[in-house]
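Before any comments, here is the structure.
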Amino acid sequence: LDDYDMEIRSFCTKDVNLSNLNNEIESLKNRELSFAGIVTETQEGFTKNGKPFSALTLTDYNDSYKMMFFGNDFVNFGNFCKKGLFLLIRGKVATKWQGGDQLEFKATKIELLQELAEKAESLRISVAAESLTQEIVEELDLKLAQSPGKTLIKFSVFDSTTNIKLHLFSRTRRIGISEELKAYLQKNPDIVFTIN
């Protein structure tokens, strides 16, 4: 999952992980949540009524959680039930379909983590004013120039002592979020970045 740090920080629900679903699901009832992980187990079969179902176990840094797909969910999400896929799963904690008061996380949208950067509308790069050296500006300009594409670049420069933020965007350059650009941004501790 380390390769998808940017996607996880950008799209996953903050301060919630799969262990929360297993251990304190009541506190998450009716909340829209997003989790990222790798598919570590899968299952396919038929119910007692002869209807097909599939299941996947998603594993993040903290825990694993099993999701079952029946009916339309089987049609929509069955293709994601393959070991080794890295997924972003959005959904909601709700009462299980059989009724009763048992809760489950029900997926409403599943995407491949590796496709999120390709589809990103914008990349926001945030840098503290005191860290913004000529060297960083030139290096960042070079890295962005080497990665052309369709994604809008937004900049935030902030001063932590006065709490002033300046938001800018590039009118002349759009980029593609390549693996090389992600690697550069991830190894630079002065730059905070997210996509949307």
Side-chain angles (χ1 to χ4, degrees), residues 1-18 20-21 28 31-39 56 58-62 65 67 76-77 79-80 82 84-92 105 107-133 135-160 163-196:
L1 286 175
D2 291 351
D3 291 342
Y4 302 105
D5 178 64
M6 174 177 68
E7 292 84 350
I8 291 169
R9 283 188 295 106
S10 299
F11 295 108
C12 289
T13 305
K14 306 286 184 263
D15 303 321
V16 179
N17 57 57
L18 295 177
N20 300 114
L21 286 181
L28 302 172
R31 278 188 63 186
E32 299 279 346
L33 303 166
S34 297
F35 299 98
I38 183 172
V39 178
L56 65 81
L58 189 72
T59 301
D60 66 10
Y61 288 111
N62 300 286
Y65 188 81
M67 297 174 209
N76 295 330
F77 305 136
N79 287 338
F80 292 104
K82 300 211 176 10
L85 290 182
F86 291 93
L87 303 178
L88 175 75
I89 302 182
R90 302 172 204 263
K92 189 174 187 177
F105 175 73
T108 54
K109 186 172 185 181
I110 301 180
E111 297 176 89
L112 297 172
L113 275 178
Q114 58 263 41
E115 290 183 354
L116 292 176
E118 296 166 17
K119 297 189 292 189
E121 291 178 18
S122 66
L123 168 70
R124 178 171 299 281
I125 297 173
S126 300
V127 183
E130 59 268 19
S131 301
L132 201 57
T133 63
E135 181 186 355
I136 283 185
V137 170
E138 289 173 3
E139 195 174 73
L140 185 57
D141 182 54
L142 177 65
K143 294 294 181 189
L144 294 173
Q146 292 171 342
S147 191
K150 298 178 182 175
T151 305
L152 179 69
I153 311 165
K154 297 179 179 179
F155 297 96
S156 291
V157 180
F158 60 92
D159 185 329
S160 47
N163 211 18
I164 294 175
K165 280 187 181 180
L166 178 63
H167 299 293
L168 311 159
F169 70 94
S170 174
R171 292 181 193 275
T172 58
R173 180 182 292 157
R174 291 188 176 245
I175 56 146
I177 303 174
S178 64
E179 291 304 314
E180 295 78 22
L181 179 59
K182 278 172 61 175
Y184 165 74
L185 294 171
Q186 287 174 334
K187 77 176 172 83
N188 195 322
D190 294 322
I191 298 174
V192 177
F193 57 98
T194 55
I195 56 174
N196 66 24

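Side-chain contact annotation: Ser160 with Glu130, donor-acceptor N/O pair under 3.5 Å present. A donor-acceptor contact under 3.5 angstrom links the side chains of Asp2 and Tyr61, judged on distance only.
Looking only at distances, a side-chain donor or acceptor of Ser147 sits under 3.5 Å from a matching main-chain atom of Gly176. At least one donor-acceptor pair closer than 3.5 Å links the side chain of Ser10 to the backbone N or O of Met6. No donor-acceptor pair under 3.5 Å is formed between the side chain of Asp159 and the backbone N or O of Ala129. In this structure, the side chain of Arg90 does not engage the main chain of Glu111 through any donor-acceptor pair within 3.5 Å.
Shown here is Lys165, whose NZ atom has no more than 12 heavy atoms of other residues, nucleotides or ligands within 6.0 Å. Residue-environment remark: NZ (Lys119) exceeds the threshold of 12 foreign heavy atoms within 6.0 Å.
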Exercise. Can Lys182 and Asp3 be said to form a salt bridge (Lys or Arg N to Asp or Glu O under 4.0 Å), step by step?
Worked result: CA-CA 9 Å; Lys182 278 172 61 175; Asp3 291 342; over 6 Å; no
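At a threshold of 4.5 Å between non-hydrogen side-chain atoms, the residues Ile38 and Leu85 do not count as touching. Residues Leu56 and Leu87 are in side-chain contact: their nearest non-hydrogen atoms beyond the backbone lie under 4.5 Å apart.
The NZ atom of Lys143 sits 12.5 Å away from the CD1 atom of Ile125 when rounded to the nearest 0.5 Å.
By the 30° and 60° cut-offs, the orientation of the rings of Phe86 relative to Tyr4 is tilted.
Taking every heavy atom of both residues into account, Cys12 and Leu88 meet most closely at SG-CD1, 3.8 Å.
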